[in-house]
Amino acid sequence: MTLPHLPADLAQRLLAYYDEYGRDLPWRQQQDLYRIWLSEIMLQQTGVKTVMPYYEKFLSHFPSITQLAAASQEQVLAQWQGLGYYRRARMLHQAAQQVVQQHGGLFPEEITQVQALPGIGPSTAAAILAIGRNQAHTILDGNVMRVLARLLTLELPVDSTPGKQRLWQVARQLTSQQRPGDYAQAIMDLGATLCTRSQPACSRCPWGGACAARQHGSWAEYPKKREKKPKPHHYQCMWVLLDTQQRIFLRKRPLEGLLGGLWEPLGEPLLETPPLGNLVQRASHHLTALGIQGQPLLEAQPVDHIFTHFRLTVYPILVVAASGAPILNDANWWPLAQLDQRPIATLHRKVNENAVGLVELSLNG
DNA sequence: AAATCGGGGCC
DNA sequence: GGCCCAGATTT
């Protein structure tokens with residue numbers, strides 16, 4: 001593939017911009033590979049603003065790789081709860097244990113060893129060693145793809161194989177060999193603060209003079225993406241079991257797959273769309289079959305949730321149950337007051353809240 | 001090459 | 001309402 005014609009001083013211009021306007025972020029200005037690693041994992045498919053409150057809290061619970069490795073998966077997931085993409089947390093935990101076993105607790109500094117760790121791909125491995133050790137590696141994330149697609153007015157979809165090959169090639173060509181770490185952070189800052197998805201600040205861009213999209217006034221057309229397929233809509237009924245001791249009954253989801261290792265109420269998928277029939281009556285039938293003694297009471301406010309690739313509507317049913325534990329694996333009663341110590345997806349916290357809210361309503365009324 | 005994997009910020 | 005985000009992994 002031929003190299004595009006680009007000015008030779010782009011990296012230098014970008015670094016000058018970064019030196020003056022670079023963001024001051026908690027994981028910058030230090031060389032602790034553990035902290036840089038953690039920030040990179042949290043920031044995968046997640047914005048800086050969302051990550052910020054999680055970052056310091058996670059570090060206060062797990063100050064070192066050794067302490068992270070020694071923690072239980074339950075504890076790690078509890079600190080991750082609400083951030084999404086929970087597989088990231090499970091792989092981070094696995095990788096910490098791998099670092100302890102294979103590298104004596106010291107994060108590796110050779111890129112093939114770094115990329116061999118779970119959850120660390122080409123871009124994250126490059127980012128960690130470029131930022132932490134100023135090694136000359138190249139990153140390619142969503143910000144960089146947008147910046148480069150506009151710079152080149154790239155017609156290939158950035159999420160296609162040929163599009164990515166082209167972007168990697170150009171990204172490598174542009175990377176500063178003198179200051180690869182600052183360059184990596186600088187180009188991410190450029191995408192996050194100037195070359196934004198909507199209304200980019202082209203007039204202040206250090207690459208404005210070289211940008212094909214700016215020259216043609218066509219920034220809105222890039223990056224191009226492949227056509228995406230519509231999301232299916234699924235429905236589910238969930239039974240929120242409460243006992244007289246202010247406890248709630250939850251089961252643990254399988255460790256692999258969607259929301260792996262997180263706790264949720266019992267329930268059943270609904271094949272009808274939208275659901276038909278009396279959900280309270282149906283809940284009663286199912287709970288009896290499970291050997292649960294209790295009275296399904298009320299239908300709470302449904303919870304609508306958008307996942308990456310499908311939409312889910314959950315209909316919560318409040319059930320006041322006897323304390324006798326149903327015979328189920330990976331299931332238990334947990335005090336309502338201590339639910340924040342348990343990993344529970346945002347979706348299921350809302351389901352619980354809506355059902356518990358009915359109890360408080362009936363008590364007050 | 002395509003599918004899987006969350007949640008919040010922002011327009 | 002859709003789009004996006006410091007992507008990696010699995011099939």
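For the numbers below, each heavy atom of this structure counts, side chains included, while hydrogens, waters and symmetry mates do not. Below, chain A is the first sequence line, B the second, and so on; all start at residue 1. On a predicted model such as this, the values are computed, not experimentally measured, just so you know.
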_Sole candidate of A/W27, A/F62, A/W37 that passes ring-ring contact (aromatic ring centres under 6.0 Å, His included) when paired with A/Y55_ = A/W27
*Please measure how far the C1' atom in C/dC5 lies from the corresponding atom in B/dC5, and state the result in whole Å.*
14 Å
All N/O donor-acceptor pairs, side-chain side in residues 126-136 of chain A, below 3.5 Å, sequence neighbours left out:
| unit_1 | atom_1 | unit_2 | atom_2 | d |
| --- | --- | --- | --- | --- |
| A/R133 | NE | A/E109 | OE1 | 3.2 |
| A/R133 | NE | A/E109 | OE2 | 3.2 |
| A/R133 | NH1 | A/Q31 | O | 3.0 |
| A/R133 | NH2 | A/E109 | OE2 | 3.2 |
| A/N134 | OD1 | A/G181 | N | 3.2 |
| A/N134 | ND2 | A/Q178 | O | 3.2 |
| A/Q135 | OE1 | A/H137 | NE2 | 2.9 |
| A/Q135 | NE2 | A/E109 | O | 2.8 |

*Per the atom types in the model, does the base of C/dA8 pair as donor or acceptor with the side chain of A/R87 at under 3.5 Å?*
yes
*Closest approach of A/L194 to A/R204 (non-hydrogen atoms, all atoms of both residues)*: CD1-O, 3.6 Å
*Any N or O donor-acceptor pair linking the side chain of A/R23 to the base of C/dA6 at under 3.5 Å?*
yes
*Determine the contact category for A/A345: base if any of its heavy atoms lies under 4.0 Å from a base atom, sugar-phosphate if only primed atoms, P, OP1 or OP2 are that close, otherwise nothing.*
sugar-phosphate
*asked:* By the 4.0 Å heavy-atom rule, please label A/G82 as base, sugar-phosphate, or nothing.
replied: sugar-phosphate
*How do A/D189 and A/I120 order along DNA chain C: which one's closest nucleotide is nearer the 5' end?*
A/D189
*Say you draw a straight line from CG of A/L270 to NE2 of A/H234; how long is it, rounded to the nearest 0.5 Å?*
11.5 Å
_Distance, P atom - from C/dT10 to B/dG6, rounded to whole angstrom_ = 15 Å
_5' priority, DNA chain B, between A/H309 and A/R197 [closest heavy atom]_ = A/H309
*Rounded to the Å, how far apart are A/L140 CG and C/dC5 P?*
11 Å
*asked:* With clusters defined by side-chain heavy atoms of hydrophobic residues (ILVMFWY) lying less than 4.5 Å apart, directly or transitively, does A/I120 cluster with A/L43?
replied: yes
_Spacing between A/Q94 atom CD and C/dA8 atom P, to the nearest angstrom_ = 16 Å
*Please state the P separation for the pair C/dA6 and B/dC11 - nearest whole angstrom.*
15 Å
*Given that A/P118 and A/L25 both sit by DNA chain C, which one's nearest nucleotide is further toward the 5' end?*
A/L25
*Whole Å only: how far is the CD1 atom of A/I187 from the P atom of C/dC5?*
13 Å
*Under 4.0 Å from any heavy atom of chain A: name the first and the last nucleotide of DNA chain B that qualifies, 5' to 3'.*
B/dA1 to B/dC11
*Decide, yes or no, whether a salt bridge links A/E256 with A/R87 under the criterion of side-chain N to carboxylate O below 4.0 Å.*
no
*asked:* Exactly one of A/R226, A/K228, A/K225 should register a salt bridge (Lys or Arg N to Asp or Glu O under 4.0 Å) with A/D159. Which one does?
replied: A/R226
*Give one of base, sugar-phosphate or nothing for A/G191, where a contact means two heavy atoms less than 4.0 Å apart.*
nothing
*Identify whether any heavy atom of A/K231 sits under 4.0 Å from a base atom; if not, whether one sits that close to sugar-phosphate; answer base, sugar-phosphate or nothing.*
nothing
*Please give, in whole Å, the distance from C/dG2 P to A/H233 NE2?*
12 Å
*Starting at atom OH of A/Y85, determine the distance to atom P of C/dT10, rounded to an integer number of angstrom.*
15 Å
*Should A/L83 and A/Y85 be counted in the same cluster of Ile, Leu, Val, Met, Phe, Trp and Tyr side chains packed under 4.5 Å apart?*
no
_Shortest non-hydrogen contact from A/A321 toward A/W333_ = CB-CH2, 4.0 Å
*asked:* Mind checking if A/S123 touches a base, just sugar-phosphate, or nothing, with heavy atoms under 4.0 Å?
replied: sugar-phosphate
*What is the distance from CG of A/L148 to P of C/dA6, rounded to the nearest Å?*
13 Å
*What parts of residues 30-57 of chain A reach DNA chain B, counting only heavy atoms under 4.0 Å away?*
A/Q45, A/T46, A/K49, A/T50
*Determine the contact category for A/R226: base if any of its heavy atoms lies under 4.0 Å from a base atom, sugar-phosphate if only primed atoms, P, OP1 or OP2 are that close, otherwise nothing.*
sugar-phosphate
*Would you indicate what A/K164 reaches in the nucleic acid, counting non-hydrogen atoms under 4.0 angstrom: base, sugar-phosphate, or nothing?*
nothing
*Could you check how far CG of A/D304 sits from P of C/dG2, rounded to whole Å?*
11 Å
*Give a yes or no on this: more than 12 heavy atoms of other residues, nucleotides or ligands lie within 6.0 Å of atom CD of A/Q12.*
no
*What distance, rounded to whole Å, do you find between the two P atoms, one in B/dG8 and one in C/dT9?*
25 Å
*How many Å lie between NZ on A/K225 and P on C/dG7, as a whole number?*
10 Å
*Partner of A/T124 by side chain to side chain donor-acceptor pair (under 3.5 Å), out of A/Q115, A/E40, A/Q44*: A/Q44
